[in-house]
Amino acid sequence: MKKSPSVLVIGGGSTGTGIARDLAMRGLDVTLVEKGNLTHGTTGRMHGLLHSGGRYAVSDQPSAKECIEENRVLRRIAGHCVEMTGGLFVQRPEDSDEYFEKKLEGCRECGIPAEVLSAEEAREIEPYLAKDIKRAIKVPDGAVDPFRLCVANAASAVEHGARIETHSEVTDVLVEDGEVVGVEVTHQTGTGPYVHGEPGEVEEIRADYVVNATGAWAGQIGDLAGVDVEVRPSKGVMTIMNTRQVDTVVNRCRPKGDADIIVPHETTCILGTTDEEVEDPEDYPEEGWEVDLMIETLSELVPMLAEARTIRSFWGVRPLYEPPGTGTEDPTDITREFFLLDHDDRDDLPGMTSIVGGKLTTYRMMAEQISDHVCEKLDVEAECRTADVPLPGSEDFTVLRDYMDDFGLRSPIGRRSAQRLGSRADEVLNSVDPNPVVCECEAVTRAEIQDSLDTAGTELNSVRIQTRASMGNCQGAICCHRMANELAPEYDEETIRASLDDLYQERWKGERHAMWGTQLSQTALKHMLHAATMNRDEDPAAADADIDFAAFDDGGASEGDASGVASGGAVADGGRERTDRADDDALGGADGDN
Amino acid sequence: MAITDDVLVIGGGIAACTAALSAAETGARVRLLAHKKSTLRQASGLVDVLGYAGGDGPLSDPYAGLDALPEGHPYHVVGEDGVRAGLRIFDEAVGDAYRGGHTDSNALVMTHGGAVKPTARYPESVAPGLASTSGDMLLVGFAGLTDFDAPVAADHLTAAGVPFSPRGVTVEFPKRFRADAKVTRFAKALDRDEDVDGGTVRSALADTVAEELDGESRVGFPAMLGDDHDEEVRAELSDRLGVPVFEVPTGPPSLLGLKLEDMLFDALDEAGVRISAGNPAVDFEAEDGRVETVVVDQKSRPTPYSADQVVLATGGLVGKGLDSDRESVTEPVFGCHVPHPEDRYDWSEPEAFGDHAFARFGVVPDDELRPTGEDGEPHFENLRAAGGVVGGADVAREKSASGVSLATGAVAGRLAGEEATR
C-alpha cells in the first residue's frame with residue numbers, strides 16, 4: 001500500500017489546527033506541533049468576534065466579503081462554538097454621517113445584511129446604550145469561542161489520523177540539499193500530553209512538506225529555515241467584564257480607532273482593543289493606560305461600563321503582514337488579508353510554505369487555500385470538505401433538553417454544559433457518576449473536566465480553555481484546587497500541586513489588570529482562601545526545612561486528653577439557637593460581595 | 001431622636017464581636033451595628049494568631065514572632081498583652097467548643113488542600129486531627145464533594161513529613177444529592193440522620209468507612225459532620241468506628257466559620273450587647289473632633305445612632321470595610337486616610353503569593369488604635385478601629401487573621417469602654 005504523503009504543521013492556533021483538519025480529512029499523514037497549549041498564541045488572545053464583515057466594509061472590502069462568507073460557514077459547521085448575537089454599528093452625535101453612509105453602502109456592496117436602526121430601536125435591543133446615540137446599523141456579527149473552535153478542529157484532525165503535539169517547540173528547521181525536510185522539536189515533557197515533572201526530549205520529525213502557521217511567530221520559524229518572513233506583530237488589549245452588559249456585539253461606527261468594540265462572550269463582555277506594533281510577540285509591555293482607555297472610551301457607547309467590574313485583561317498580538325516594500329506606517333492601516341508565502345517561489349527553498357495575516361473568522365478559508373496549495377505540491381488530488389462536515393460537537397444537536405432527566409443536572413448547569421459540548425453532551429455528561437460541579441461561576445462539572453484531561457495531561461490551563469473552568473468572576477479562587485484534584489488518582493500529589501501552582505499563577509497574571517473595586521475585594525478573598533485558609537504560600541510540603549512537629553501543640557495529649565471527642569457534652573452550644581442554614585445556594589462563596 | 005449608647009461598634013465579624021465584648025466588660029452600654037453576614041462564612045473557623053514572621057515559620061510560639069513583624073504592624077500597637085487579651089475574650093466566649101487554650105504553642109492543623117498550617121485555636125471537632133499529634137490517620141472524602149480529595153490530602157501530609165501515617169479514601173456518601181449540592185446539604189442529612197437503603201445516613205456512612213479502616217487510630221472527614229447536631233453526629237460515628245472522628249476545616253461555605261459566628265453572637269447576647277443588624281452605616285455627624293452620630297441606612301431611611309465612643313470594625317477589602325477605584329483606596333464610612341501606592345499596578349506583585357501592598361491596606365492607627373490622617377493626628381478623638389480595616393498586616397501570609405482581629409478588637413473595645421464609663 002502506498003504511504004500517504006506526510007505534512008508537518010507548525011502552530012496550534014485556529015489556522016494550524018484548521019490546516020491539520022483539512023489535510024487529515026483529505027487523507028494526508030499530518031503532524032501538528034505547538035509550543036504551548038492549543039490557542040497559545042493569538043487565537044487564545046482575541047475578543048471572540050465572529051465578523052459579519054461589517055468592520056471591514058469600508059476599508060478592506062475583500063476581507064469583508066470573505067468574512068460574511070465564512071461567518072455563514074461557521075454557523076453551519078461550528079454551531080456549538082458560535083453564538084449569533086447580532087451586531088450594531090453605533091453612531092454617536094460627534095461621529096460623521098458620511099462614514100455612517102459609507103459603512104451602510106459598503107455592507108451592501110459586500111453582501112452583508114445591514115439595517116439602519118433609530119436610536120430608540122437600537123436601545124430596544126441594547127437598553128444600556130448611551131442616551132445620546134444617533135442611530136445604528138444592524139449586522140450579523142456574532143461571538144465565537146476560539147478555544148472550543150480550535151480544540152474541535154484538533155479533535156477532528158485526530159479522528160482523521162493526525163498526530164497533535166502540544167508543548168513541543170520547533171527548535172530547528174531541517175534543511176537538506178536546499179530543501180526543507182522536517183523539523184527538530186523539543187518536547188517540554190516528552191511526547192503526548194504535558195505532564196508536570198516529566199523530562200523533556202528532542203525529536204526529529206521528517207515530512208514531505210512543512211507548513212508554517214505560527215502567525216506572529218512566523219518570522220522566528222523563518223529564521224530557523226534561513227528565510228525572511230516580514231510579520232509585523234501588533235498588540236491589542238482586551239478587557240473582560242464580569243457580566244454581559246450587552247448581549248449584542250456593539251461597534252463604534254467611525255473610522256479606525258482604539259477601543260471601539262464590545263463583544264458579549266459566554267458570561268462576560270470583552271472590550272477591545274488597541275493596535276500597536278511590537279518587536280517581540282512574547283515580550284511587550286502590558287500597560288494600565290490601555291485598560292483605562294477601554295473603559296473610558298467604550299463608556300461613551302455604554303455608560304454603565306465606567307463603574308462596572310472588570311475581572312481581568314489580556315493582550316494578544318495580531319500576525320499582520322504586508323509584502324516587502326509596502327511600508328505602511330500605522331499598523332491599523334495594514335491589510336487584514338492573509339498571505340500564502342511559498343518559500344520555493346520566494347526564497348528558492350522548496351518544501352515549506354508560511355501563512356501569515358488573516359483573522360479567526362476566515363481561518364477555515366485560509367486553511368483550505370493552503371491545503372489546496374500543499375496538495376498541489378504533493379500531487380494529491382482530494383477535495384476540501386471542511387465547509388460541509390460539522391466539527392465534533394456541532395453535529396445535529398438541540399439545546400432544548402431536559403437537563404435533569406438527561407444528565408441529572410439542574411437547568412442552569414445543564415444548559416451551559418450542553419451549549420459548550422454541543423452534540424457531545426450525552427457522551428460526556430453521562431460519563432462519570434456522581435458528577436458534581438467543580439467550577440461554580442461557569443457551571444463546569446467533573447465530567448467535562450475529566451473529558452478535557454484526555455488531551456490536557458496535567459496542564460490545567462488546557463482544561464481551562466477547553467471547559468471555561470476558572471474563567472468566571474472568581475478567577476479560580478473557589479475552583480483552582482478542585483480542578484487540580486481532578487488529576488488524581490492518575491497523577492501523584494506533587495504533580496497535582498505543581499499544576500495547581502501553574503494555573504493559579506496564570507490566572508493571577510490577568511487579574512492584576514483588574515485589581516480595583518469589587519474585583520480587588522474578590523482578589524483579597526482569593527488571597528485569604530489560598531494563603532490563609534490553605535497555607536499554599538508557605539506549604540511545608542514544598543519547603544526545604546523539616547518541621548519539628550514535636551514543638552507544636554499536641555492537643556494536650558501529654559495531659560491525657562488527645563481525643564477531643566470524649567469530653568463533648570458541656571460545650572458552649574448547649575442552649576444556642578442557630579440560624580437555619582436552609583438555603584444552600586445563599587452560602588455559595590464564589591464572590592466577594594459578602 | 002438618636003438611639004444612644006456608650007459604645008457603638010460598627011461591623012459583624014470577629015473584630016467587631018470582640019470589641020463589643022471587650023467594651024461590655026468595662027460596664028459600658030454597647031451596641032453592635034452589623035450590616036450583613038460577616039466574612040466568617042468564608043473563613044475556615046481556625047483562629048490563627050501568628051504563624052510566620054520575618055522569614056521564619058511555621059512558628060511553634062506565636063509570641064516569639066511578634067518582634068520580627070514589620071513596622072506599622074497592628075500587633076506592635078497592642079503588644080503581647082493585647083494579643084493575650086484578645087485570646088482571653090475569645091476563650092471565654094466560645095468555652096469548650098474550641099481547643100488550644102491550654103498552651104501558648106501553635107498547633108499544626110491540616111487544611112482541606114492537605115497543607116498543614118500553624119494555628120492557635122481550633123474547633124473541638126478539629127482537635128483529634130492535629131498534624132502535630134501522633135496517631136495514624138484515615139481521611140475520608142466523598143465522590144460528590146470536590147473541595148477535599150482525601151487521597152491527595154493524605155499524600156500531601158506525607159510530603160510535609162508528618163509524624164504518623166496518613167491514608168485517604170474516597171467513598172460515596174450514603175445519600176445522593178444533585179450535582180451542585182454543597183456541604184450544607186450533606187451536613188443536614190447527617191443532622192437529621194435521614195433514611196437511606198438499609199438504615200440511616202450515619203449508620204450507613206459508618207459501615208462504609210469501617211470497611212476502609214485498617215488499624216488507623218483516627219478518622220477525618222471534611223467539615224460537614226452535622227450542623228445543629230454536630231456533636232451527636234461525631235459521637236455516633238466515633239462510637240460506631242471505635243476511634244476518634246475529626247473534621248478538616250474547609251473553604252466557603254464553611255460550616256465551622258458559620259458556627260463560630262453563631263457562638264460569638266450568643267456571647268454578645270449573654271454580655272448584654274444590643275445588636276442592630278441588617279443595615280449599613282453610611283454616614284456620620286461630627287462636632288469638635290468627635291463623632292456624634294453614625295447614620296444607618298434603614299431601608300433608605302437614614303437612622304442616627306449616637307454614642308460616646310465608636311469602634312470601626314467593618315473589615316478589610318474582603319468585608320468591604322475598604323473600598324477602591326482605579327485611582328484610590330478609601331474607608332467609606334468616615335473617609336479615614338488609607339495610604340496606598342499611587343499607581344494601582346503597585347498594589348499587587350506579579351507573583352501570586354508575593355508581598356502584595358493590597359494585603360496591608362487599611363487605616364493607620366495611633367497608639368490608642370484611633371485612625372489617623374495624613375498628618376498622623378487622629379481623625380476623631382473617640383473613633384477607634386479594629387480588625388481588617390486596620391492596615392499594616394498581611395494576615396493571610398502571616399497566618400494572623402483572627403489574631404489581629406481579636407487583639408485589636410479587645411484593645412479598641414476596652415479603651416472605648418473605659419473612656420465611655422469614666
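Quick note: numbers below take in every heavy atom, side chains included, and nothing from hydrogens, waters or symmetry partners. Just so we're on the same page: letters track the sequence lines, and every chain starts at 1.
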Review point. Picking from Asp492(A), Ile547(A), Asp546(A), which has the most non-hydrogen pairs under 4.5 angstrom with chain B?
Key: Ile547(A)
Check your understanding: What option among Glu486(A), Glu494(A), Met534(A), Gln519(A) has the most heavy-atom pairs under 4.5 Å with chain B?
Key ->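 The residue among Glu486(A), Glu494(A), Met534(A), Gln519(A) with the greatest pair count is Met534(A).
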Counting only heavy atoms closer than 4.5 Å, note whether [X] contacts chain A via side chain, backbone, both or neither.
X: His156(B); answer: both
X: Pro58(B); answer: both
X: Arg344(B); answer: side chain
X: Thr250(B); answer: backbone
X: Asp394(B); answer: side chain
X: Tyr98(B); answer: neither
X: Leu130(B); answer: side chain
X: Ala143(B); answer: both
X: Pro350(B); answer: both
X: Lys399(B); answer: side chain
X: Val162(B); answer: both

Exercise for review: Show your reasoning for whether side-chain hydrogen bond (donor to acceptor under 3.5 Å, both in side chains) applies to Thr518(A) and Arg309(A).
Suggested key: CA-CA 6 Å; Thr518(A) 310; Arg309(A) 169 178 170 190; 5.2 Å; no
Contacting region of [X] [heavy-atom separation from chain B under 4.5 Å]:
X: Glu307(A); answer: neither
X: Asp433(A); answer: both
X: His481(A); answer: side chain
X: Trp516(A); answer: both
X: Asp548(A); answer: neither
X: Asn435(A); answer: backbone
X: Ile295(A); answer: side chain
X: Arg446(A); answer: side chain

Point to revise | Counterpart residues, ring pair (Phe, Tyr, Trp, His ring centres under 6.0 Å), relative to Phe353(B) (two or more places apart) | key: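 Testing Phe353(B) for ring pair (Phe, Tyr, Trp, His ring centres under 6.0 Å), a comparison that skips the adjacent residues, returns Tyr504(A).
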Review point. Do Thr458(A) and His196(A) have side-chain atoms, one donor and one acceptor, less than 3.5 Å apart?
Key: yes
Check your understanding: On the ring face of Phe164(B), is Arg218(B) found with NZ or CZ under 6.0 Å from the centre and within 45° of the axis?
Key ->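 Relative to the ring axis of Phe164(B), which defines the angle, Arg218(B) lies inside both limits.
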Review point. Any idea which heavy atoms bring Ala524(A) and Phe358(B) closest together, and the distance?
Key: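 Looking at all heavy atoms of both residues, the closest pair is CA-CE1, 3.9 Å.
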Point to revise | Atom of Pro62(B), atom of Asp104(B) and distance for their closest heavy-atom approach | key: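 Reported closest heavy-atom pair: CD-O, 3.1 Å.
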Point to revise | Within the 6.0 Å centroid threshold, strictly below: His527(A) and Trp508(A) | key: no
Check your understanding: Between the main-chain N or O of Gln475(A) and the side-chain N or O of Lys526(A), is there a donor-acceptor pair closer than 3.5 Å?
Key ->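 Yes, Lys526(A) side chain to Gln475(A) backbone: donor-acceptor pair under 3.5 Å.
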Exercise for review: Say whether, by atom type as modelled, one donor and one acceptor occur between the side chain of Asp48(B) and the main chain of Ala401(B) under 3.5 angstrom.
Suggested key: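 No, the answer is negative, given that no donor and acceptor are paired below the 3.5 Å cut-off.
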Practice item. Could you check whether the rings of Phe361(B) and His340(B) sit parallel, tilted or perpendicular, using 30° and 60° as the cut-offs? Key: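 Rings of Phe361(B) and His340(B): perpendicular, as their planes differ by over 60°.
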**Study point:** Listed partners of Asp191(B) passing side-chain hydrogen bond (donor to acceptor under 3.5 Å, both in side chains), at least two apart
**Key:**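 side-chain hydrogen bond (donor to acceptor under 3.5 Å, both in side chains) list for Asp191(B), sorted by chain: empty.
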Check your understanding: Is Arg482(A) salt-bridged to Glu440(A), cutoff N-O under 4.0 Å?
Key -> yes
